[in-house]
Asks: 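My structure is below; once you've seen it, I'll send some questions.
Just so it is clear, the structure is predicted and the values come from calculations on it, not from any experiment.
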Amino acid sequence: MNGETVASVPDGLLGEGVWFRVEAAGTAAAVRRAAERLATELAMPDRRIADLAIVAAEAAGNLVKHAQQGVMLVRAVRTPEHAGVELIAIDSGPGMADVRHAFGDGNSTAGTLGIGLGAIQRQASRWDLHSVPGKGTVLAMQVWPSGPPEPAWAAGLTRPITGETVSGDVVVAREAGGRRQLLVSDGLGHGGLAAAASREAARIFRQAEAAGPAVVVEALHRGLGHTRGAALAVAELDPEAGLVRYAGLGNISGTVFGPDGTRRGMISMPGIAGHQRRQVRQYDYPLLPGSVVIMHSDGVVDRWNPAEYPGLLTRSLEVIAGTVLRDAGTRRDDAGLLVARLP
């Protein structure tokens, strides 16, 4: 989690990027350099690269000064017209008792000038934060070459098992034929072959016909026979029908969190896409306005309670994903999760 090689994100993949463990000033500088290199690769204007450098330096510096187990993700974000850089800073404590006060210039608990969070607020195209005392803080920032696009309806994170440099989990969102669909794929095992299986699943998913989740899962099963296989699931959010349509094979978890506090799990069938399956079945679940859909591999456990994170499910999708990964992700497996909410 502490390399400096940063590659831009392949089209459609939401969880790619490079993680840094930020515990010392030298690593904070590495985060800034990596962000600058990625922005240069994306041909961002010099002025915005300079703004990005400030955002990266301040966010990483805050992790060094205040965080426990601080980590930071650097990755590209794209629309059909533009590309920008996203930074997600995650720590496990001590959290902020007064977020609004912390963002005011001149407020510091580390003997500095106290301009870090205020500078992020001014230089970033978009930012969001959630903090709970005793649990920690997640800060998501984006820097775009010009005005930021509308927030995406889906966001995801992946993280490799400790000791590996690539994750066997892939998360993808697509819009096809008026359908908004999500894929979470967990390649069998770990390392390069697991990643190859999930990347092939992502390729098939992006090119599959615009059909319901069960049809798409069948296509994935047929197409993964030359790989080691994957557990995977496809969800489709249909606000007009007020439904989430869901089909899966293997150990992928899906949950619909309603704005009224309800929590409804979604069902996947036993099997390994590409190798063994029972009949693929699609299940439909109610989707109320404002609901949040979270899908994840078995590298993220289900035993987290939104009630312990006041206001979290109203925050940006990136902040939700970062918080769940921090507190429900396991280091003993690849972890991948996808969060979606329709306007």
Side-chain angles (χ1 to χ4, degrees), residues 2-20 22 25-65 67 70-91 99 102-106 112-130 137-158 173 315-322:
N2 57 357
E4 273 200 65
T5 301
V6 178
S8 58
V9 182
D11 290 340
L13 301 186
L14 299 178
E16 297 292 295
V18 173
W19 289 96
F20 294 81
V22 184
T27 313
V31 169
R32 175 186 54 77
R33 292 193 300 269
E36 290 175 317
R37 284 200 304 273
L38 180 55
T40 300
E41 176 187 329
L42 298 174
M44 288 178 61
D46 290 345
R47 175 182 60 84
R48 293 303 282 157
I49 294 176
D51 291 339
L52 172 65
I54 293 172
V55 171
E58 296 293 353
N62 277 332
L63 289 180
V64 172
K65 297 184 191 82
V71 296
M72 198 157 170
L73 176 67
V74 180
R75 65 180 176 182
V77 284
R78 287 191 173 91
T79 69
E81 295 81 22
H82 303 292
V85 175
E86 181 170 69
L87 310 170
I88 301 179
I90 302 173
D91 79 77
V99 172
F103 268 87
D105 287 344
T112 66
L113 293 177
I115 61 174
L117 292 179
I120 292 170
Q121 187 177 26
R122 288 188 294 272
Q123 307 298 332
S125 303
R126 177 181 292 123
W127 65 274
D128 191 33
L129 178 148
H130 188 267
T137 301
V138 175
L139 173 62
M141 304 144 281
Q142 293 180 353
V143 176
W144 292 86
S146 55
E150 290 296 314
W153 62 275
L157 293 173
T158 60
R315 308 309 307 178
S316 71
L317 302 180
E318 295 82 5
V319 165
I320 297 172

Asks: How far does CG of L117 sit from CZ of R122, to the nearest 0.5 angstrom?
Replies: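 Reported value, rounded in 0.5 Å steps: 10.5 Å.
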Asks: Decide, yes or no, whether a salt bridge links E41 with R37 under the criterion of side-chain N to carboxylate O below 4.0 Å.
Replies: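 Looking at R37 together with E41, the answer is no, because their closest N to O distance does not fall below 4.0 Å.
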Asks: Does a side chain donor of either S146 or R48 reach within less than 3.5 Å of an acceptor in the other side chain?
Replies: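 No, no side-chain donor-acceptor contact under 3.5 Å.
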Asks: Does the side-chain contact (heavy atoms from CB on, under 4.5 Å) test come out yes or no for I90 and W19, once each step is laid out?
Replies: CA-CA 10 Å; I90 302 173; W19 289 96; 3.8 Å; yes
Asks: Could you walk me through whether T137 and H130 pass the side-chain contact (heavy atoms from CB on, under 4.5 Å) check?
Replies: CA-CA 6 Å; T137 301; H130 188 267; over 6 Å; no
Asks: CG of L139 to CG of N62: how many Å apart, nearest 0.5 Å?
Replies: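 Going from CG on L139 over to CG on N62, the span is 8.0 Å.
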Asks: Indicate the atoms forming the closest heavy-atom contact of L42 with A83, along with that distance.
Replies: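 Smallest interatomic distance, heavy atoms only, reads CD2-CB, 4.1 Å.
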Asks: For the residue pair V319 and R315, what are the closest heavy atoms and their distance?
Replies: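 That closest heavy-atom pairing would be CG1-CB, 4.1 Å.
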Asks: Which heavy atom of Q121 sits nearest a heavy atom of W127, and at what distance?
Replies: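 Result for this residue pair: CG-NE1, 3.4 Å.
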Asks: What's the spacing between M44 CE and D51 CG if we round to 0.5 Å?
Replies: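 Separation between the atoms: 8.5 Å.
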Asks: Out of I320, I88, L129, D128, which residue meets the side chain to side chain contact (heavy atoms under 4.5 Å, CB included) rule with V138?
Replies: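 Option passing the side chain to side chain contact (heavy atoms under 4.5 Å, CB included) with V138: I88.
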Asks: With distance as the sole test, does R75 use its side chain to make a donor-acceptor pair with the main-chain N or O of V85 at under 3.5 Å?
Replies: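 No, R75 side chain to V85 backbone: no donor-acceptor pair under 3.5 Å.
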Asks: Provide the closest heavy-atom pair for A53 versus E36 in the form atom of the first, atom of the second, distance.
Replies: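 In terms of heavy atoms, the two residues are closest at CB-OE2, 3.3 Å.
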Asks: Determine whether a donor-acceptor pair (N or O, by modelled atom type, separation under 3.5 Å) exists between the side chain of D91 and the backbone of L63.
Replies: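 Looks like no, no N/O pair under 3.5 Å.
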Asks: Let me see the working for V74 and F20 under side-chain contact (heavy atoms from CB on, under 4.5 Å), right down to the final yes or no.
Replies: CA-CA 8 Å; V74 180; F20 294 81; 3.9 Å; yes
Asks: Could you tell me the separation between the CG atom of L52 and the CD atom of Q142, rounded to the nearest 0.5 Å?
Replies: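 Taking CG in L52 and CD in Q142, the distance rounds to 11.5 Å.
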Asks: To check you understand the geometry: which heavy-atom pair defines the closest contact between L87 and M72, and what is its length?
Replies: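 Looks like CB-CE, 3.8 Å.
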Asks: Between V22 and A60, what is the shortest heavy-atom contact and its length?
Replies: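 Closest approach of V22 to A60: CG1-O, 3.6 Å.
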Asks: Could you tell me whether a side-chain N or O of R126 sits under 3.5 Å from a main-chain N or O of P149, the two making a donor and an acceptor?
Replies: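 Yes, the answer is positive, given that a donor and an acceptor are paired below the 3.5 Å cut-off.
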